[in-house]
Structures are given as C-alpha cells and as structure tokens.
Protein chains: 2
Amino acid sequence: MVKNKADEAFTPLPALAEAAECLKTLAHPHRLRIVQMLLRGRYAVGELAQACGIPSHMASEHLRLMQRCGLLRSEREGRKAFYEVAEPHLANIMECVEARFGP
Amino acid sequence: MVKNKADEAFTPLPALAEAAECLKTLAHPHRLRIVQMLLRGRYAVGELAQACGIPSHMASEHLRLMQRCGLLRSEREGRKAFYEVAEPHLANIMECVEARFGP
DNA sequence: TTGACATATCGTGACATGCCGATATATTTC
DNA sequence: GAAATATATCGGCATGTCACGATATGTCAA
C-alpha cells in the first residue's frame with residue numbers, strides 16, 4: 001500500500017457529499033416522521049399526510065425528494081400510491097436518531 | 001395508559017424538529033469530514049481547514065455551527081482553538097454513515 | 001363520459017444557507 | 001508598542017429550501 005493510515009481512515013469527499021445529500025433530505029421533521037412510519041410498514045400518501053398533519057400534496061413532495069435519493073420506493077395500487085423503505089441503512093440511522101432524541 | 005401503541009411508538013414532532021436541526025447541521029461534506037477527524041482526536045481550526053482544503057475562517061464558521069447545536073466543544077490554548085466532540089452519539093451516527101457510504 | 005378521489009407537478013414569495021472578501025479580536029514574539 | 005499568527009465575525013450576493021394555492025394527471029364508479 002502506498003497511502004499512510006491517516007489518509008485512508010477518512011471517507012473521500014465525493015462520498016461525503018453524497019452522504020450529505022441524503023442527510024439533508026432526511027433532515028426535516030415531517031420527513032423523519034414519515035421515515036419512522038415507513039420503517040414499521042407500508043403506507044399510502046394520504047395516510048402519511050394525515051399523520052403529519054399536512055396536506056397530501058406536500059407529503060407527496062417530501063416523498064418524492066426521499067425517493068429521488070434512493071431512500072424510498074413507491075408502488076401504485078389502484079388510485080393510491082404506497083411507499084416503503086428502499087435503503088436498508090435507514091433503520092440504523094433512525095435508531096441512532098431515536099437513541100439521541102428519545103422515542 | 002390512554003394512548004394506543006401506534007401513537008406512542010413515534011418520537012414527538014418537537015423532538016424530531018430538534019433532530020432535524022442537528023442532521024441539517026451535519027449534512028455538509030466539509031462538516032462530515034471535520035466530525036470524522038474529531039472522532040479520532042483533537043484538532044485546531046487551521047488543521048481542520050487544511051484537511052478540508054478550505055480557508056480557516058470558513059472552517060471556523062462550520063465549527064461554530066456544530067458547536068451551536070451541541071455537537072462540538074472548543075478550548076483555547078494560547079493562540080489556537082482546539083475542538084473536540086461533545087455529543088457521544090455522533091460516533092454512532094457517523095458509523096451508520098460510513099457503513100452506507102464506505103470508509 | 002362525467003364526476004369524484006388520490007396523487008403529482010407547477011409557480012411564487014418568504015426565508016435560510018453557502019461562500020467569499022474584508023475586517024475584527026486575541027495572543028505571542030520581538 | 002508593533003508585527004505576526006490564529007480565530008472569529010460581518011456584509012453581500014448567489015443559490016436553495018419551504019410552504020402554499022392552483023392546476024394537472026391518473027384511476028375508479030356510476
């Protein structure tokens with residue numbers, strides 16, 4: 001190996017930039033609540049919106065953002081769209097958040 | 001107890017709002033790098049700035065933001081200011097991030 | 001086909017954030 | 001005290017985000 005230990009201990013900046021994108025997307029109260037719910041089951045847009053107390057077109061927007069960076073995936077069933085967690089590491093990160101800020 | 005299980009499984013929104021604040025503060029490539037370094041030791045502003053390839057007055061600004069939401073703490077020694085991790089859970093969260101985005 | 005429902009997208013104004021140069025404070029050295 | 005070093009703060013500009021109303025798309029039921 002060529003590089004010394006100090007160098008390779010750190011994640012390269014481009015990877016950190018991608019991580020920052022995901023964290024930024026996650027960093028919103030309603031989006032955290034949505035993720036918390038989706039880690040426990042599948043929900044349609046309207047249900048998530050009601051649980052957050054926001055109009056459904058805004059829940060749709062939050063879901064779109066999280067889907068765009070690979071955190072969620074959606075499936076249409078009839079006139080409803082169900083969302084579920086697509087990124088397995090979300091559970092770990094959410095556990096960390098809950099450990100710090102209390103369930 | 002009065003509430004049903006579904007209700008009390010979720011973190012209250014104010015706590016999620018606080019969590020979102022911290023995550024938003026963390027969600028920046030240079031700040032993630034800084035945290036990664038501080039989890040391995042104490043560093044002065046200039047050292048962190050050099051490692052990120054940014055002018056030191058910008059590192060100072062990043063450090064101020066993270067200090068403001070309790071992630072870091074600083075101590076002056078002579079003309080230098082050393083920063084260190086103040087929030088123990090940072091290690092867990094950073095492990096999650098590294099597990100997902102590769103070390 | 002018409003109407004109702006569920007979700008998605010668009011356009012906008014208010015507001016926050018990131019980055020930068022310039023400048024200010026604090027501390028050591030001469 | 002003056003110069004040098006290390007941090008910190010300020011003002012401004014560009015860009016991004018949030019919440020919202022309005023509107024568009026897709027789906028079912030009658």
Side-chain angles (χ1 to χ4, degrees), chain A residues 13-14 16-35 37-38 41-86, chain B residues 13-14 16-35 37-38 41-86:
Chain A
L13 267 179
L16 288 183
E18 197 189 342
E21 278 302 300
C22 288
L23 288 176
K24 209 190 307 177
T25 302
L26 207 56
H28 183 290
H30 293 150
R31 294 200 282 267
L32 285 172
R33 160 74 81 237
I34 287 173
V35 166
M37 291 182 67
L38 292 180
R42 259 164 57 100
Y43 289 94
V45 178
E47 300 174 294
L48 297 166
Q50 192 170 10
C52 294
I54 58 177
S56 53
H57 80 276
M58 292 186 52
S60 177
E61 174 74 4
H62 289 312
L63 291 162
R64 189 181 65 85
L65 289 175
M66 290 192 282
Q67 188 173 27
R68 212 162 51 105
C69 67
L71 299 179
L72 306 180
R73 98 169 54 90
S74 68
E75 290 169 21
R76 260 204 119 94
E77 280 180 24
R79 62 179 80 178
K80 299 197 174 183
F82 287 88
Y83 280 80
E84 59 189 1
V85 172
Chain B
L13 268 179
L16 288 183
E18 197 189 344
E21 278 300 301
C22 287
L23 287 176
K24 207 189 309 178
T25 303
L26 207 56
H28 183 291
H30 292 150
R31 293 200 282 266
L32 285 173
R33 159 74 81 241
I34 287 172
V35 167
M37 290 182 67
L38 291 181
R42 259 164 57 101
Y43 289 94
V45 178
E47 300 173 294
L48 297 166
Q50 192 169 12
C52 294
I54 57 178
S56 54
H57 79 276
M58 292 188 50
S60 176
E61 175 74 3
H62 290 311
L63 291 163
R64 189 181 66 85
L65 289 175
M66 292 193 282
Q67 189 173 26
R68 212 164 51 106
C69 66
L71 300 178
L72 306 181
R73 98 169 54 90
S74 69
E75 291 169 20
R76 259 204 118 93
E77 281 180 24
R79 62 179 81 177
K80 298 197 174 183
F82 286 88
Y83 281 80
E84 58 189 2
V85 172

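The sequence lines fix the lettering, A, B, ..., with proteins before strands; numbering per chain opens at 1.
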Participant: Using whole Å, report how far NZ of B:K24 lies from C1' of C:dG18.
Facilitator: 14 Å
Participant: So, for B:S56 and B:V45, which heavy atoms are closest and what is the spacing to 0.1 Å?
Facilitator: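 Taking B:S56 first and B:V45 second, the nearest heavy atoms are O-CG1, 3.6 Å.
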Participant: With a 4.0 Å cutoff (strictly under), does any side-chain N or O of B:R79 reach OP1 or OP2 of D:dA4?
Facilitator: no
Participant: To the nearest angstrom, how far is A:I34 atom CD1 from C:dT7 atom P?
Facilitator: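 Result: 12 Å.
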Participant: What do the steps show when you test B:H62 against B:I54 for side-chain contact (heavy atoms from CB on, under 4.5 Å), and what is the final call?
Facilitator: CA-CA 11 Å; B:H62 290 311; B:I54 57 178; 3.9 Å; yes
Participant: For DNA chain D, whose closest nucleotide is more 5', that of B:A81 or that of A:R76?
Facilitator: B:A81
Participant: Does A:Q50 have more than 12 heavy atoms from other residues, nucleotides or ligands lying within 6.0 Å of its CD?
Facilitator: no
Participant: Whole-Å distance between D:dT17 P and A:H30 NE2?
Facilitator: 18 Å
Participant: Are OP1 or OP2 of D:dA19 and a side-chain N or O of A:H28 less than 4.0 angstrom apart?
Facilitator: yes
Participant: If you look at every heavy atom in A:E77 and A:F82, which pair is closest and at what distance?
Facilitator: OE1-CE1, 3.8 Å
Participant: So, are B:K24 and B:E21 salt-bridged, with charged N and O less than 4.0 Å apart?
Facilitator: yes
Participant: Specify the residues of residues 42-73 of chain B, ordered by number, for which at least one heavy atom lies under 4.0 angstrom from an atom of DNA chain D.
Facilitator: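 The answer is B:A44, B:V45, B:G46, B:S56, B:H57, B:S60, B:R64.
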Participant: Which whole-number value in Å describes the distance from B:E77 CD to D:dT7 P?
Facilitator: 11 Å
Participant: Nearest-Å distance, CG (B:L23) to P (C:dT17)?
Facilitator: 14 Å
Participant: Using a 4.0 Å heavy-atom cut-off across all strands, classify A:F82 as base, sugar-phosphate, or nothing.
Facilitator: nothing
Participant: Start with the C-alpha gap between B:R42 and B:E75, add the side-chain angles, then the distance that decides, and say whether side-chain contact (heavy atoms from CB on, under 4.5 Å) holds.
Facilitator: CA-CA 10 Å; B:R42 259 164 57 101; B:E75 291 169 20; 3.1 Å; yes
